[in-house]
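A short worksheet on the structure shown next.
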Amino acid sequence: MKIAVIGATGMVGQIILKVLEERNFPVTDLIPVASEKSIGKKIIFKGDEFEIVSMQTALDRKPDLAMFSAGGTTSLEFAPKFAAVGTTVIDNSSAWRMEADKKLIVPEINAQVLTKEDKIIANPNCSTIQLVMVLHPLNIKYDVKRVIVSTYQSVTGTGKNAVDQLNDEVLGNKDGVKVYPYEIFKNALPQCDVFAEDDYTKEEIKLMTEPKKILGDDTFNITATAVRVPVQGGHSESVNIEFENEFDLDEVKDLLSKAPGVVVLDDVKNNIYPMPLYSEGKDEVFVGRIRRDISQPKTLNLWIVADNLRKGAATNAVQIAEYLYQNKLI
Ligand SMILES: NC(=O)c1ccc[n+]([C@@H]2O[C@H](COP(=O)([O-])OP(=O)(O)OC[C@H]3O[C@@H](n4cnc5c(N)ncnc54)[C@H](OP(=O)(O)O)[C@@H]3O)[C@@H](O)[C@H]2O)c1
């Protein structure tokens, strides 16, 4: 397949290339795209050198598939242009996620809704993906009523300049790039992305809207607080889930351990629980600290960790591509 990777030099784009290589996706022709300043630079894929080209050059070559991770503005402008030349687009930005005629896909949950007619397919927000991977099996069994999620998000979720800001601050370099409104080293910022309606950030709004679309269920409520922390390996989430129905704790652990792509790490006697340091580079969503909320019935507390660049972005996008390819939808 002829594949364009848009944003090939970025945090997500680099991991998309790595995951395509690791999973041996049938790439016969790779077209890497980045901003004007990177055109002509080389990247290595499967041992071969490929030159970064412009968006227009990629468009002219009519790829079978274009994997976008170059920001919402780029996706809004160029995804329809690729779709118009027959390319299927998998988009990592938030540009199309909540559009009624665009599918928002986590393959373990809802890939079956995809058809040949879907030319722009949205990859969910990184914090959303790890949340729904755990909510989905529990919702089927116990019917979720309300979710309270608080996140502890890696700087890798903001892109390569944010990683540079943290590393500069660790080294005491005061002249480096700044992407956050405050220092991130030794700090926790209760702000991921910009503020929007009702004083929620855009990240929190994504967490409150995208899960309902992916699960195909708008009968439950979610509230979110998203916090940026000086961590690089992945996002962590403290989640409180109230169900309509009573649950058994052992059954919850059993259900989660059988859910595809989910790994239960929960042995508090031996200090075993998920952490971002150990989720880095892994594709699974890790869940632990699974316990009853003793303040009210039918309510569970748990802790979810995943590498936001892998299952939260690149791996999920490549899994969508694999589903399309295996089912002859591209
Ligand atoms: N980081 C995450 O965990 C995560 C998770 C899910 C979704 N996303 C989404 O994925 C996208 C990329 O995020 P990132 O973290 O990879 O950001 P990043 O590290 O800042 O990389 C941005 C990439 O986009 C390219 N780019 C910028 N403007 C462009 C343009 N006008 N035309 C073509 N390419 C352009 C950059 O090229 P240059 O190198 O030439 O500047 C770079 O390759 C964003 O929409 C983000 O919301 C990120």
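Every number for a ligand or one of its atoms is a count from 1 in the order of the listing.
If you take CD1 on Ile320 and OG1 on Thr315, they are separated by 11.0 Å, rounding to the nearest 0.5 Å. To the nearest 0.5 Å, the span separating NZ on Lys311 from CD1 on Ile129 amounts to 6.0 Å. Taking CZ of Arg97 as the reference point, atom OG1 of Thr209 lies at 9.0 Å (rounded to 0.5 Å).
Checked for salt-bridge contact, Glu242 and Lys145 meet the test: a charged N lies under 4.0 Å from a carboxylate O.
Judged purely by atom type and a 3.5 angstrom limit, Arg291 uses its side chain to pair as donor or acceptor with the backbone of Arg289.
Near ligand 1, heavy-atom contacts under 4.0 Å come from Gly7, Ala8, Thr9, Gly10, Met11, Val12, Ala34, Ser35, Lys37, Ser38, Ser69, Ala70, Gly71, Thr74, Asn92, Ser93, Cys126, Thr156, Gly157, Gly159, Lys160, Asn308, Leu309, Gly312, Ala313.
The shortest heavy-atom contact between Ile6 and Met55 is CG2-CE, 3.5 Å.
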